Amino acid sequence: MLLKKCKPVFALADGNNFYVSCERVFDPSLEGKPVVVLSNNDGIIIARSQEAKDLGIAMGTPAFRIKDWIESGKVTAFSSNYALYGDMSNRMMRIFADFTPAVEVYSIDEAFLDFRGMEVRDWKGLGKTIRQRVRRYIGIPVGIGFGPTKTLAKIANRIAKKLMREVGVAVVDTPGKIRRALELTPVEDVWGIGRRYARLLENQGVRTAADFVRLPDGWIRRHMTVQGLRIKRELQGEPVIALEEVVPPRKAIRTARTFVEDTADLDFIDEAIAHFTVRASQKLRAQGSFARYITVFLKTNRFRSSQPYRSLHYTVRLPYATDSAIVLVHYARLALRRIYDPAYAYKKAGILLSDLQDRSVRQLNLFEPPEDDRHRRLMETVDRLNRRYGADTLRLGVQGQSRAWQLKQMHRSPRYTTRWDEIPVIYAR
DNA sequence: TCTGGGGTCCTAGGACCC
DNA sequence: TCTGGGGTCCTAGGACCC
(Lines give C-alpha, C1' and ligand atoms only; values in the text may rest on other atoms or scores of the structure.)
Protein backbone atom coordinates (compact mmCIF):
# COMPACT_ATOMS: atom_id res chain seq x y z
CA MET A 1 0.00 0.00 0.00
CA LEU A 2 1.32 3.35 -1.04
CA LEU A 3 1.40 5.81 1.79
CA LYS A 4 2.85 9.22 1.29
CA LYS A 5 3.54 11.80 3.93
CA CYS A 6 0.97 11.70 6.63
CA LYS A 7 1.28 14.77 8.75
CA PRO A 8 -2.25 15.77 9.63
CA VAL A 9 -3.30 19.09 8.20
CA PHE A 10 -7.06 18.75 8.00
CA ALA A 11 -9.58 18.40 10.78
CA LEU A 12 -13.20 17.52 10.44
CA ALA A 13 -15.19 18.89 13.36
CA ASP A 14 -18.89 18.27 13.72
CA GLY A 15 -21.63 18.52 16.28
CA ASN A 16 -22.73 15.18 17.72
CA ASN A 17 -26.38 14.45 16.89
CA PHE A 18 -26.49 18.13 16.03
CA TYR A 19 -30.22 18.92 15.95
CA VAL A 20 -30.84 16.93 19.12
CA SER A 21 -27.92 18.64 20.84
CA CYS A 22 -29.34 22.06 19.87
CA GLU A 23 -32.64 21.19 21.50
CA ARG A 24 -30.88 19.92 24.60
CA VAL A 25 -29.00 23.17 25.08
CA PHE A 26 -32.33 24.77 25.94
CA ASP A 27 -33.65 21.84 27.95
CA PRO A 28 -30.75 20.19 29.78
CA SER A 29 -33.15 17.80 31.51
CA LEU A 30 -33.10 15.88 28.20
CA GLU A 31 -29.44 14.93 28.67
CA GLY A 32 -29.09 11.18 28.84
CA LYS A 33 -32.59 10.55 27.49
CA PRO A 34 -33.86 9.36 24.11
CA VAL A 35 -34.61 12.41 21.93
CA VAL A 36 -35.42 12.61 18.22
CA VAL A 37 -35.96 15.42 15.72
CA LEU A 38 -38.53 14.99 12.95
CA SER A 39 -38.48 16.12 9.32
CA ASN A 40 -40.89 18.61 7.81
CA ASN A 41 -44.50 17.61 8.36
CA ASP A 42 -43.24 15.52 11.28
CA GLY A 43 -42.75 12.75 8.74
CA ILE A 44 -39.55 10.86 9.50
CA ILE A 45 -36.75 10.84 12.06
CA ILE A 46 -33.79 12.93 10.90
CA ALA A 47 -31.75 13.15 14.12
CA ARG A 48 -31.41 10.89 17.16
CA SER A 49 -29.68 11.12 20.49
CA GLN A 50 -27.37 8.25 21.40
CA GLU A 51 -30.07 6.88 23.69
CA ALA A 52 -32.58 6.93 20.82
CA LYS A 53 -30.07 5.08 18.63
CA ASP A 54 -29.62 2.55 21.42
CA LEU A 55 -33.38 1.93 21.35
CA GLY A 56 -32.93 0.80 17.76
CA ILE A 57 -34.56 3.84 16.14
CA ALA A 58 -33.05 4.05 12.65
CA MET A 59 -32.45 7.18 10.61
CA GLY A 60 -35.43 7.77 8.36
CA THR A 61 -37.90 5.83 10.47
CA PRO A 62 -41.45 7.14 9.86
CA ALA A 63 -42.58 8.98 12.96
CA PHE A 64 -45.80 6.98 13.23
CA ARG A 65 -43.80 3.82 13.92
CA ILE A 66 -42.62 5.16 17.25
CA LYS A 67 -45.82 7.08 17.99
CA ASP A 68 -46.48 5.06 21.14
CA TRP A 69 -43.08 5.87 22.57
CA ILE A 70 -43.53 9.55 21.83
CA GLU A 71 -46.98 9.70 23.38
CA SER A 72 -45.96 7.79 26.48
CA GLY A 73 -42.98 10.10 26.96
CA LYS A 74 -40.42 7.36 26.56
CA VAL A 75 -38.99 9.29 23.61
CA THR A 76 -39.07 13.08 23.31
CA ALA A 77 -39.73 14.31 19.77
CA PHE A 78 -39.17 17.75 18.27
CA SER A 79 -40.37 19.11 14.94
CA SER A 80 -37.40 20.50 13.06
CA ASN A 81 -36.58 24.10 13.94
CA TYR A 82 -34.11 25.28 11.31
CA ALA A 83 -34.07 28.86 12.56
CA LEU A 84 -32.62 27.54 15.82
CA TYR A 85 -30.19 25.05 14.26
CA GLY A 86 -28.92 27.58 11.71
CA ASP A 87 -28.20 30.11 14.39
CA MET A 88 -26.43 27.57 16.64
CA SER A 89 -24.43 26.46 13.61
CA ASN A 90 -23.20 29.98 12.90
CA ARG A 91 -22.07 30.32 16.50
CA MET A 92 -20.22 26.99 16.39
CA MET A 93 -18.48 27.93 13.12
CA ARG A 94 -17.29 31.20 14.60
CA ILE A 95 -15.55 29.28 17.38
CA PHE A 96 -13.84 27.01 14.85
CA ALA A 97 -12.61 30.11 13.07
CA ASP A 98 -10.77 31.18 16.22
CA PHE A 99 -8.36 28.28 15.68
CA THR A 100 -7.55 28.71 11.99
CA PRO A 101 -8.57 31.21 9.34
CA ALA A 102 -9.05 28.40 6.81
CA VAL A 103 -12.46 26.95 7.56
CA GLU A 104 -14.75 25.25 5.08
CA VAL A 105 -18.31 25.14 6.36
CA TYR A 106 -19.31 21.84 4.83
CA SER A 107 -22.82 21.46 6.17
CA ILE A 108 -24.98 22.85 8.93
CA ASP A 109 -23.23 20.69 11.52
CA GLU A 110 -19.71 20.14 10.23
CA ALA A 111 -16.64 22.00 9.02
CA PHE A 112 -13.22 21.17 7.64
CA LEU A 113 -10.39 23.06 9.31
CA ASP A 114 -7.10 23.47 7.49
CA PHE A 115 -3.94 23.76 9.59
CA ARG A 116 -1.45 23.77 6.74
CA GLY A 117 1.59 25.81 7.51
CA MET A 118 0.82 25.93 11.20
CA GLU A 119 3.10 24.50 13.85
CA VAL A 120 1.07 22.02 15.85
CA ARG A 121 2.93 19.74 18.21
CA ASP A 122 -0.01 18.19 20.02
CA TRP A 123 -2.91 17.46 17.68
CA LYS A 124 -4.91 15.62 20.26
CA GLY A 125 -4.53 18.49 22.72
CA LEU A 126 -5.64 20.93 20.04
CA GLY A 127 -8.72 18.84 19.38
CA LYS A 128 -9.57 18.72 23.04
CA THR A 129 -9.25 22.48 23.34
CA ILE A 130 -11.59 23.09 20.39
CA ARG A 131 -14.05 20.65 21.87
CA GLN A 132 -14.01 22.23 25.30
CA ARG A 133 -14.46 25.70 23.95
CA VAL A 134 -17.50 24.80 21.83
CA ARG A 135 -18.99 22.90 24.74
CA ARG A 136 -18.48 25.81 27.11
CA TYR A 137 -19.68 28.65 24.87
CA ILE A 138 -22.33 26.97 22.72
CA GLY A 139 -23.24 23.89 24.74
CA ILE A 140 -22.85 21.48 21.84
CA PRO A 141 -20.67 18.35 22.07
CA VAL A 142 -18.40 17.98 19.04
CA GLY A 143 -16.26 15.21 17.59
CA ILE A 144 -12.96 16.00 15.88
CA GLY A 145 -10.82 13.92 13.54
CA PHE A 146 -7.39 14.89 12.20
CA GLY A 147 -5.82 13.47 9.06
CA PRO A 148 -3.56 14.28 6.12
CA THR A 149 -6.52 14.46 3.70
CA LYS A 150 -10.14 15.47 4.01
CA THR A 151 -11.28 11.88 3.48
CA LEU A 152 -8.96 10.61 6.23
CA ALA A 153 -10.08 13.44 8.53
CA LYS A 154 -13.63 12.20 7.97
CA ILE A 155 -12.57 8.68 8.88
CA ALA A 156 -10.76 9.91 11.98
CA ASN A 157 -13.86 11.85 12.97
CA ARG A 158 -15.98 8.72 12.68
CA ILE A 159 -13.53 6.81 14.86
CA ALA A 160 -13.55 9.65 17.40
CA LYS A 161 -17.31 9.42 17.70
CA LYS A 162 -17.80 5.67 17.46
CA LEU A 163 -14.80 4.17 19.14
CA MET A 164 -13.39 6.94 21.33
CA ARG A 165 -16.57 8.52 22.54
CA GLU A 166 -15.14 9.70 25.84
CA VAL A 167 -12.26 11.60 24.29
CA GLY A 168 -14.08 12.71 21.15
CA VAL A 169 -10.81 13.30 19.29
CA ALA A 170 -8.88 10.98 16.97
CA VAL A 171 -5.64 11.62 15.12
CA VAL A 172 -4.52 9.62 12.10
CA ASP A 173 -0.93 10.69 11.61
CA THR A 174 1.32 7.73 10.88
CA PRO A 175 1.24 5.04 8.16
CA GLY A 176 0.47 2.53 10.86
CA LYS A 177 -2.48 4.51 12.18
CA ILE A 178 -3.80 5.07 8.68
CA ARG A 179 -3.66 1.36 7.99
CA ARG A 180 -5.43 0.60 11.25
CA ALA A 181 -8.06 3.29 10.62
CA LEU A 182 -8.80 1.89 7.16
CA GLU A 183 -9.20 -1.60 8.60
CA LEU A 184 -11.67 -0.27 11.17
CA THR A 185 -13.82 1.50 8.59
CA PRO A 186 -16.54 -0.38 6.67
CA VAL A 187 -16.34 0.63 3.02
CA GLU A 188 -19.85 2.08 3.02
CA ASP A 189 -18.77 4.56 5.70
CA VAL A 190 -16.11 6.08 3.46
CA TRP A 191 -16.95 9.60 2.29
CA GLY A 192 -18.11 9.29 -1.32
CA ILE A 193 -19.03 5.60 -1.24
CA GLY A 194 -22.75 5.12 -0.89
CA ARG A 195 -25.04 2.12 -0.67
CA ARG A 196 -24.95 1.24 -4.36
CA TYR A 197 -21.18 1.20 -4.61
CA ALA A 198 -20.90 -0.58 -1.28
CA ARG A 199 -23.04 -3.40 -2.65
CA LEU A 200 -20.98 -3.58 -5.83
CA LEU A 201 -17.80 -3.66 -3.74
CA GLU A 202 -19.20 -6.31 -1.45
CA ASN A 203 -19.47 -8.57 -4.49
CA GLN A 204 -15.75 -8.08 -5.02
CA GLY A 205 -15.10 -9.15 -1.45
CA VAL A 206 -14.38 -5.57 -0.40
CA ARG A 207 -15.62 -4.93 3.11
CA THR A 208 -13.37 -2.29 4.60
CA ALA A 209 -11.60 0.83 3.41
CA ALA A 210 -8.38 -1.18 3.62
CA ASP A 211 -9.77 -3.73 1.13
CA PHE A 212 -10.86 -0.89 -1.17
CA VAL A 213 -7.38 0.61 -1.32
CA ARG A 214 -6.05 -2.74 -2.56
CA LEU A 215 -8.29 -2.73 -5.67
CA PRO A 216 -6.53 -1.99 -8.97
CA ASP A 217 -6.94 1.55 -10.31
CA GLY A 218 -8.38 0.25 -13.57
CA TRP A 219 -11.21 -1.57 -11.88
CA ILE A 220 -12.07 1.44 -9.75
CA ARG A 221 -11.95 3.79 -12.73
CA ARG A 222 -14.16 1.49 -14.78
CA HIS A 223 -16.82 0.93 -12.15
CA MET A 224 -16.71 4.07 -10.03
CA THR A 225 -15.49 6.78 -12.44
CA VAL A 226 -12.73 9.20 -11.59
CA GLN A 227 -14.48 9.96 -8.30
CA GLY A 228 -13.64 6.47 -7.07
CA LEU A 229 -10.01 6.97 -7.97
CA ARG A 230 -9.92 10.24 -6.07
CA ILE A 231 -11.27 8.47 -2.99
CA LYS A 232 -8.50 5.87 -3.22
CA ARG A 233 -5.78 8.54 -3.45
CA GLU A 234 -7.21 10.39 -0.48
CA LEU A 235 -7.34 7.22 1.58
CA GLN A 236 -3.67 6.66 0.74
CA GLY A 237 -2.82 10.02 2.23
CA GLU A 238 -2.51 11.98 -0.99
CA PRO A 239 -4.66 15.12 -0.80
CA VAL A 240 -6.65 15.62 -4.00
CA ILE A 241 -9.78 17.24 -2.58
CA ALA A 242 -9.06 20.87 -1.79
CA LEU A 243 -10.46 22.99 0.98
CA GLU A 244 -13.21 25.26 -0.33
CA GLU A 245 -13.31 28.30 1.87
CA VAL A 246 -15.39 30.44 -0.43
CA VAL A 247 -18.86 29.11 -0.91
CA PRO A 248 -19.44 28.97 -4.65
CA PRO A 249 -22.81 30.28 -5.79
CA ARG A 250 -25.46 27.60 -6.23
CA LYS A 251 -25.94 26.18 -9.67
CA ALA A 252 -29.55 25.29 -9.04
CA ILE A 253 -32.15 26.27 -6.48
CA ARG A 254 -34.97 23.97 -5.54
CA THR A 255 -38.03 24.45 -3.37
CA ALA A 256 -40.37 21.53 -2.83
CA ARG A 257 -42.71 20.24 -0.18
CA THR A 258 -44.68 17.18 0.67
CA PHE A 259 -48.34 17.97 1.30
CA VAL A 260 -49.99 16.80 4.49
CA GLU A 261 -52.69 15.16 2.38
CA ASP A 262 -52.76 14.01 -1.22
CA THR A 263 -54.62 16.47 -3.39
CA ALA A 264 -55.89 16.89 -6.94
CA ASP A 265 -57.07 20.47 -6.34
CA LEU A 266 -55.45 22.65 -9.00
CA ASP A 267 -56.08 25.92 -7.15
CA PHE A 268 -54.36 24.55 -4.09
CA ILE A 269 -51.37 23.25 -6.06
CA ASP A 270 -51.24 26.51 -7.97
CA GLU A 271 -50.92 28.46 -4.73
CA ALA A 272 -48.22 26.14 -3.48
CA ILE A 273 -46.23 26.37 -6.73
CA ALA A 274 -46.51 30.17 -6.68
CA HIS A 275 -45.31 30.21 -3.10
CA PHE A 276 -42.36 27.88 -3.80
CA THR A 277 -41.37 30.01 -6.77
CA VAL A 278 -41.43 33.20 -4.71
CA ARG A 279 -39.25 31.51 -2.06
CA ALA A 280 -36.79 30.23 -4.64
CA SER A 281 -36.61 33.66 -6.30
CA GLN A 282 -35.71 35.17 -2.92
CA LYS A 283 -32.81 32.74 -2.62
CA LEU A 284 -31.87 33.55 -6.21
CA ARG A 285 -31.75 37.30 -5.53
CA ALA A 286 -29.95 36.72 -2.24
CA GLN A 287 -27.04 35.11 -4.10
CA GLY A 288 -27.18 37.66 -6.92
CA SER A 289 -28.06 35.30 -9.77
CA PHE A 290 -30.47 35.05 -12.66
CA ALA A 291 -32.14 31.83 -13.77
CA ARG A 292 -32.53 30.69 -17.34
CA TYR A 293 -34.75 27.65 -16.72
CA ILE A 294 -37.60 26.82 -14.40
CA THR A 295 -38.84 23.27 -13.88
CA VAL A 296 -42.11 22.40 -12.16
CA PHE A 297 -42.69 18.91 -10.83
CA LEU A 298 -45.52 16.93 -9.29
CA LYS A 299 -45.33 13.53 -7.66
CA THR A 300 -48.04 11.20 -6.49
CA ASN A 301 -47.75 9.27 -3.24
CA ARG A 302 -45.31 6.45 -3.87
CA PHE A 303 -46.46 4.57 -0.77
CA ARG A 304 -50.04 4.28 -1.90
CA SER A 305 -50.92 1.18 -3.81
CA SER A 306 -54.36 2.40 -4.94
CA GLN A 307 -52.83 4.39 -7.81
CA PRO A 308 -49.65 3.94 -9.83
CA TYR A 309 -46.77 6.20 -8.87
CA ARG A 310 -46.37 9.15 -11.22
CA SER A 311 -43.63 11.74 -11.34
CA LEU A 312 -44.31 14.57 -13.78
CA HIS A 313 -42.10 17.49 -14.67
CA TYR A 314 -41.90 20.22 -17.27
CA THR A 315 -39.06 22.64 -17.92
CA VAL A 316 -39.48 26.10 -19.43
CA ARG A 317 -36.60 27.95 -21.01
CA LEU A 318 -37.30 31.50 -19.94
CA PRO A 319 -37.33 34.17 -22.66
CA TYR A 320 -34.53 35.90 -20.77
CA ALA A 321 -32.54 35.20 -17.62
CA THR A 322 -34.34 36.76 -14.69
CA ASP A 323 -34.70 36.93 -10.92
CA SER A 324 -38.15 38.49 -10.96
CA ALA A 325 -40.70 36.60 -8.88
CA ILE A 326 -43.44 37.94 -11.12
CA VAL A 327 -41.90 36.55 -14.30
CA LEU A 328 -40.91 33.26 -12.68
CA VAL A 329 -44.35 32.68 -11.16
CA HIS A 330 -45.95 33.36 -14.53
CA TYR A 331 -43.92 30.63 -16.24
CA ALA A 332 -44.20 28.26 -13.30
CA ARG A 333 -47.98 28.38 -13.56
CA LEU A 334 -47.83 27.76 -17.31
CA ALA A 335 -45.55 24.77 -16.73
CA LEU A 336 -47.85 23.43 -14.04
CA ARG A 337 -50.74 23.44 -16.47
CA ARG A 338 -48.69 21.44 -18.95
CA ILE A 339 -48.29 18.53 -16.56
CA TYR A 340 -51.28 18.72 -14.25
CA ASP A 341 -53.65 15.77 -14.72
CA PRO A 342 -56.83 15.91 -12.60
CA ALA A 343 -57.03 12.14 -12.61
CA TYR A 344 -54.31 11.93 -9.96
CA ALA A 345 -53.94 13.15 -6.41
CA TYR A 346 -50.49 14.59 -5.68
CA LYS A 347 -48.40 14.22 -2.56
CA LYS A 348 -45.52 16.46 -3.45
CA ALA A 349 -44.84 19.47 -5.64
CA GLY A 350 -41.90 21.71 -6.26
CA ILE A 351 -39.91 23.91 -8.59
CA LEU A 352 -36.28 24.05 -9.66
CA LEU A 353 -34.45 27.09 -10.99
CA SER A 354 -31.43 26.09 -13.06
CA ASP A 355 -28.70 27.30 -15.41
CA LEU A 356 -28.06 30.12 -12.97
CA GLN A 357 -25.73 32.90 -13.97
CA ASP A 358 -24.26 35.78 -12.07
CA ARG A 359 -26.21 38.99 -12.32
CA SER A 360 -23.08 40.97 -13.17
CA VAL A 361 -22.05 38.78 -16.08
CA ARG A 362 -25.49 38.45 -17.57
CA GLN A 363 -25.05 38.48 -21.28
CA LEU A 364 -27.16 40.95 -23.14
CA ASN A 365 -28.80 39.06 -25.90
CA LEU A 366 -29.98 41.19 -28.78
CA PHE A 367 -32.97 38.96 -29.18
CA GLU A 368 -33.98 39.10 -25.56
CA PRO A 369 -36.32 41.78 -24.35
CA PRO A 370 -34.46 44.12 -22.00
CA GLU A 371 -34.96 43.48 -18.34
CA ASP A 372 -37.86 45.41 -16.90
CA ASP A 373 -36.38 47.89 -14.47
CA ARG A 374 -39.68 48.28 -12.67
CA HIS A 375 -39.56 44.60 -11.66
CA ARG A 376 -36.08 45.03 -10.31
CA ARG A 377 -37.08 47.95 -8.10
CA LEU A 378 -40.29 46.24 -7.01
CA MET A 379 -38.42 43.06 -6.03
CA GLU A 380 -35.85 45.02 -4.06
CA THR A 381 -38.63 46.75 -2.17
CA VAL A 382 -40.47 43.49 -1.47
CA ASP A 383 -37.31 41.83 -0.20
CA ARG A 384 -36.52 44.77 2.04
CA LEU A 385 -39.99 44.94 3.54
CA ASN A 386 -40.16 41.20 4.10
CA ARG A 387 -36.78 41.24 5.82
CA ARG A 388 -37.95 44.04 8.04
CA TYR A 389 -41.51 43.10 8.85
CA GLY A 390 -41.40 39.34 8.52
CA ALA A 391 -41.49 36.83 5.75
CA ASP A 392 -44.59 37.12 3.57
CA THR A 393 -45.63 40.57 4.73
CA LEU A 394 -45.83 41.33 1.02
CA ARG A 395 -46.96 38.53 -1.23
CA LEU A 396 -48.16 38.01 -4.74
CA GLY A 397 -51.93 37.57 -5.13
CA VAL A 398 -51.55 34.04 -6.50
CA GLN A 399 -49.82 32.92 -3.32
CA GLY A 400 -53.29 32.97 -1.80
CA GLN A 401 -54.46 33.21 1.77
CA SER A 402 -55.24 29.63 2.69
CA ARG A 403 -51.70 28.49 3.52
CA ALA A 404 -53.23 25.11 4.09
CA TRP A 405 -50.25 23.46 2.41
CA GLN A 406 -47.93 24.74 5.08
CA LEU A 407 -46.08 22.43 7.39
CA LYS A 408 -47.48 20.32 10.11
CA GLN A 409 -45.26 20.93 13.13
CA MET A 410 -46.70 19.48 16.29
CA HIS A 411 -43.54 19.49 18.33
CA ARG A 412 -41.58 22.60 17.39
CA SER A 413 -39.50 24.21 20.11
CA PRO A 414 -39.47 28.01 20.46
CA ARG A 415 -37.03 29.96 18.31
CA TYR A 416 -34.91 30.61 21.36
CA THR A 417 -32.10 32.46 19.69
CA THR A 418 -33.75 34.35 16.83
CA ARG A 419 -36.77 36.56 16.34
CA TRP A 420 -39.71 34.75 14.78
CA ASP A 421 -39.10 36.28 11.38
CA GLU A 422 -35.33 36.03 11.24
CA ILE A 423 -34.10 33.14 9.23
CA PRO A 424 -30.34 33.02 9.67
CA VAL A 425 -28.31 32.62 6.54
CA ILE A 426 -26.53 29.31 6.64
CA TYR A 427 -23.26 29.39 4.79
CA ALA A 428 -23.03 25.85 3.62
CA ARG A 429 -23.03 23.98 0.38
C1' DT B 1 -54.28 6.99 8.95
C1' DC B 2 -49.04 8.65 9.02
C1' DT B 3 -42.81 7.97 4.96
C1' DG B 4 -37.99 15.20 4.22
C1' DG B 5 -35.57 18.64 1.58
C1' DG B 6 -31.80 20.55 -1.00
C1' DG B 7 -27.76 20.08 -3.33
C1' DT B 8 -23.22 18.28 -6.54
C1' DC B 9 -20.56 15.69 -10.02
C1' DC B 10 -19.81 12.35 -13.83
C1' DT B 11 -20.95 9.83 -18.02
C1' DA B 12 -23.29 8.30 -22.09
C1' DG B 13 -25.65 9.35 -25.95
C1' DG B 14 -28.05 12.31 -29.22
C1' DA B 15 -28.09 16.56 -31.99
C1' DC B 16 -25.60 19.36 -34.65
C1' DC B 17 -21.67 21.37 -37.13
C1' DC B 18 -17.74 21.50 -40.32
C1' DT C 1 -23.21 -4.34 -49.03
C1' DC C 2 -21.32 -0.10 -48.52
C1' DT C 3 -22.43 4.29 -45.88
C1' DG C 4 -15.96 9.56 -42.44
C1' DG C 5 -14.01 11.82 -38.61
C1' DG C 6 -13.85 14.86 -35.06
C1' DG C 7 -15.54 18.33 -32.14
C1' DT C 8 -19.01 20.70 -29.01
C1' DC C 9 -23.17 21.27 -26.59
C1' DC C 10 -27.03 19.62 -24.16
C1' DT C 11 -29.76 16.47 -21.45
C1' DA C 12 -31.06 12.51 -18.80
C1' DG C 13 -29.85 9.39 -15.52
C1' DG C 14 -27.22 7.53 -11.88
C1' DA C 15 -24.23 8.00 -8.22
C1' DC C 16 -23.12 10.66 -4.08
C1' DC C 17 -23.48 14.24 0.05
C1' DC C 18 -25.79 16.23 4.50
Side-chain angles (χ1 to χ4, degrees), chain A residues 12 14-15 17-19 36-47 57-68 70-71 77 79-82 85-86 89 104-112 150-151 154 157-158 187-201 220-231 241 244 247-262 276 279-280 283-284 287 292-293 295 297 299-306 309 311 313 315 317 347-356 407-410 426-429:
Chain A
L12 180 73
D14 70 349
N17 317 321
F18 187 68
Y19 297 168
V36 298
V37 174
L38 309 173
S39 65
N40 284 336
N41 286 325
D42 294 345
I44 60 169
I45 312 272
I46 57 170
I57 301 173
M59 199 72 162
T61 304
F64 66 82
R65 280 214 199 116
I66 60 159
K67 191 170 138 245
D68 290 351
I70 293 173
E71 281 173 0
S79 302
S80 35
N81 184 347
Y82 291 105
Y85 311 147
S89 171
E104 173 186 341
V105 177
Y106 179 66
S107 74
I108 192 166
D109 70 333
E110 63 189 301
F112 286 103
K150 287 167 87 174
T151 307
K154 272 264 193 191
N157 174 282
R158 177 184 167 279
V187 75
E188 67 264 27
D189 286 351
V190 173
W191 190 37
I193 297 180
R195 272 226 311 274
R196 296 302 279 261
Y197 283 148
R199 210 163 41 178
L200 174 75
L201 290 164
I220 295 177
R221 172 73 182 78
R222 198 157 50 246
H223 293 93
M224 301 175 67
T225 82
V226 295
Q227 308 252 60
L229 233 35
R230 275 206 278 271
I231 295 168
I241 303 175
E244 290 178 34
V247 184
R250 309 232 170 302
K251 296 176 177 172
I253 292 172
R254 175 195 305 254
T255 304
R257 289 289 177 279
T258 300
F259 300 137
V260 175
E261 285 173 4
D262 299 6
F276 300 156
R279 274 269 178 281
K283 294 185 209 166
L284 189 66
Q287 78 162 26
R292 217 162 235 300
Y293 290 89
T295 302
F297 52 89
K299 292 169 195 288
T300 63
N301 191 335
R302 62 183 200 282
F303 298 103
R304 245 176 57 178
S305 46
S306 55
Y309 175 60
S311 175
H313 54 93
T315 301
R317 187 188 164 96
K347 178 66 172 169
K348 184 172 186 172
I351 69 116
L352 175 74
L353 304 177
S354 58
D355 198 4
L356 308 188
L407 298 179
K408 182 171 80 180
Q409 292 190 318
M410 302 283 284
I426 299 160
Y427 295 98
R429 63 177 67 236

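Chain naming here is simple, since letters A, B, ... match the order of the sequence lines and numbering starts at 1 in each. Keep in mind the model is a prediction, meaning the values are calculated, not measured.
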Any side-chain N or O of [X] under 4.0 Å from OP1/OP2 of [N]?
{"X": "A:Lys348", "N": "B:dG5", "result": "yes"}
{"X": "A:Arg196", "N": "C:dA15", "result": "yes"}
{"X": "A:Lys347", "N": "B:dT3", "result": "yes"}
{"X": "A:Arg221", "N": "B:dT11", "result": "yes"}

Using a heavy-atom cut-off of 4.0 Å across all strands, would you classify [X] as base, sugar-phosphate, or nothing?
{"X": "A:Arg304", "result": "nothing"}
{"X": "A:Tyr19", "result": "nothing"}
{"X": "A:Val37", "result": "nothing"}
{"X": "A:Ile193", "result": "sugar-phosphate"}
{"X": "A:Asp42", "result": "nothing"}
{"X": "A:Thr61", "result": "nothing"}

Whole angstroms only, please: what is the [atom1]-[atom2] distance between [X] and [N]?
{"X": "A:Arg230", "N": "C:dC17", "atom1": "CZ", "atom2": "P", "result": "14 Å"}
{"X": "A:Asp189", "N": "C:dC18", "atom1": "CG", "atom2": "P", "result": "10 Å"}
{"X": "A:Arg302", "N": "B:dG5", "atom1": "CZ", "atom2": "P", "result": "10 Å"}
{"X": "A:Tyr85", "N": "B:dG4", "atom1": "OH", "atom2": "C1'", "result": "13 Å"}
{"X": "A:Arg250", "N": "B:dG7", "atom1": "CZ", "atom2": "C1'", "result": "7 Å"}
{"X": "A:Met224", "N": "B:dC9", "atom1": "CE", "atom2": "P", "result": "18 Å"}
{"X": "A:Glu244", "N": "C:dC17", "atom1": "CD", "atom2": "C1'", "result": "13 Å"}
{"X": "A:Ile241", "N": "B:dC10", "atom1": "CD1", "atom2": "P", "result": "11 Å"}

Given side-chain contact (heavy atoms from CB on, under 4.5 Å), test A:Val247 with A:Val105 step by step and report yes or no. CA-CA 8 Å; A:Val247 184; A:Val105 177; 5.9 Å; no
Hey, which of these two, A:Lys67 or A:Ala252, hits DNA chain B nearer its 5' end, going by closest nucleotide?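 On the 5' side of the pair lies A:Lys67.
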Report the residue (A:Thr225 or A:Ser39) whose heavy-atom-nearest nucleotide on DNA chain B is the more 5′ of the two.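 Here A:Ser39 is the residue nearer the 5' end.
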Going by heavy atoms in the side chains, are [X] and [Y] under 4.5 Å from each other?
{"X": "A:Tyr197", "Y": "A:His223", "answer": "no"}
{"X": "A:Lys347", "Y": "A:Arg304", "answer": "no"}
{"X": "A:Arg302", "Y": "A:Lys348", "answer": "no"}
{"X": "A:His313", "Y": "A:Leu352", "answer": "no"}

Please tell me which of the listed nucleotides, [options], lies nearest to the side chain of [X]?
{"X": "A:Ala256", "options": "B:dT3, B:dG7, B:dG6", "result": "B:dG6"}
{"X": "A:Tyr82", "options": "B:dG4, B:dG6, C:dC18", "result": "B:dG4"}
{"X": "A:Lys283", "options": "C:dC17, B:dG7, B:dT3", "result": "B:dG7"}
{"X": "A:Trp191", "options": "B:dC2, C:dC18, B:dG4", "result": "C:dC18"}
{"X": "A:Val226", "options": "C:dC18, B:dC10, C:dA15", "result": "B:dC10"}
{"X": "A:Arg257", "options": "B:dT3, C:dC17, B:dG5", "result": "B:dG5"}
{"X": "A:Arg65", "options": "B:dG6, B:dT3, B:dC9", "result": "B:dT3"}
{"X": "A:Gln227", "options": "B:dG7, B:dC10, B:dG4", "result": "B:dC10"}
{"X": "A:Asp109", "options": "C:dC18, B:dG4, B:dG7", "result": "C:dC18"}

Do side-chain atoms of A:Thr61 reach the backbone of A:Ile45 as a donor and acceptor pair under 3.5 angstrom?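 No; judged by distance alone, with no hydrogens or angles, the pair does not exist.
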Ring geometry between A:Phe259 and A:Phe276 (parallel below 30°, tilted from 30 to 60°, perpendicular above 60°):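 Plane angle under 30°, so parallel.
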Can you tell me how far C1' in C:dG4 sits from the matching atom in B:dC16, rounded to whole Å?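 Straight-line distance between the two C1' atoms is 16 Å.
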Below 6.0 angstrom between ring centroids: does that apply to A:Tyr82 and A:Tyr19?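 Distance test on ring centres: under 6.0 Å, yes.
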Only counting residues at least two apart or in another chain, list the ones meeting side-chain contact (heavy atoms from CB on, under 4.5 Å) with A:Pro249.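 Once residues adjacent in sequence are excluded, the partners of A:Pro249 under the side-chain contact (heavy atoms from CB on, under 4.5 Å) criterion are A:Gln287.
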Sequence neighbours excluded, which residues qualify as side-chain contact (heavy atoms from CB on, under 4.5 Å) partners of A:Tyr293?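 side-chain contact (heavy atoms from CB on, under 4.5 Å) list for A:Tyr293, sorted by chain: A:Thr315, A:Arg317, A:Ser354, A:Asp355.
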Which dot-bracket notation, 5' to 3', represents the base pairing of DNA chain C when pairs are defined as Watson-Crick or G-U with both distances under 3.5 Å, crossing pairs as [ ], and inter-strand pairs as |? ....||||||||||||||
Identify whether a stacking contact exists between A:Tyr197 and C:dC16, where the ring centres must be under 5.5 Å apart and the planes under 30° apart.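 No.
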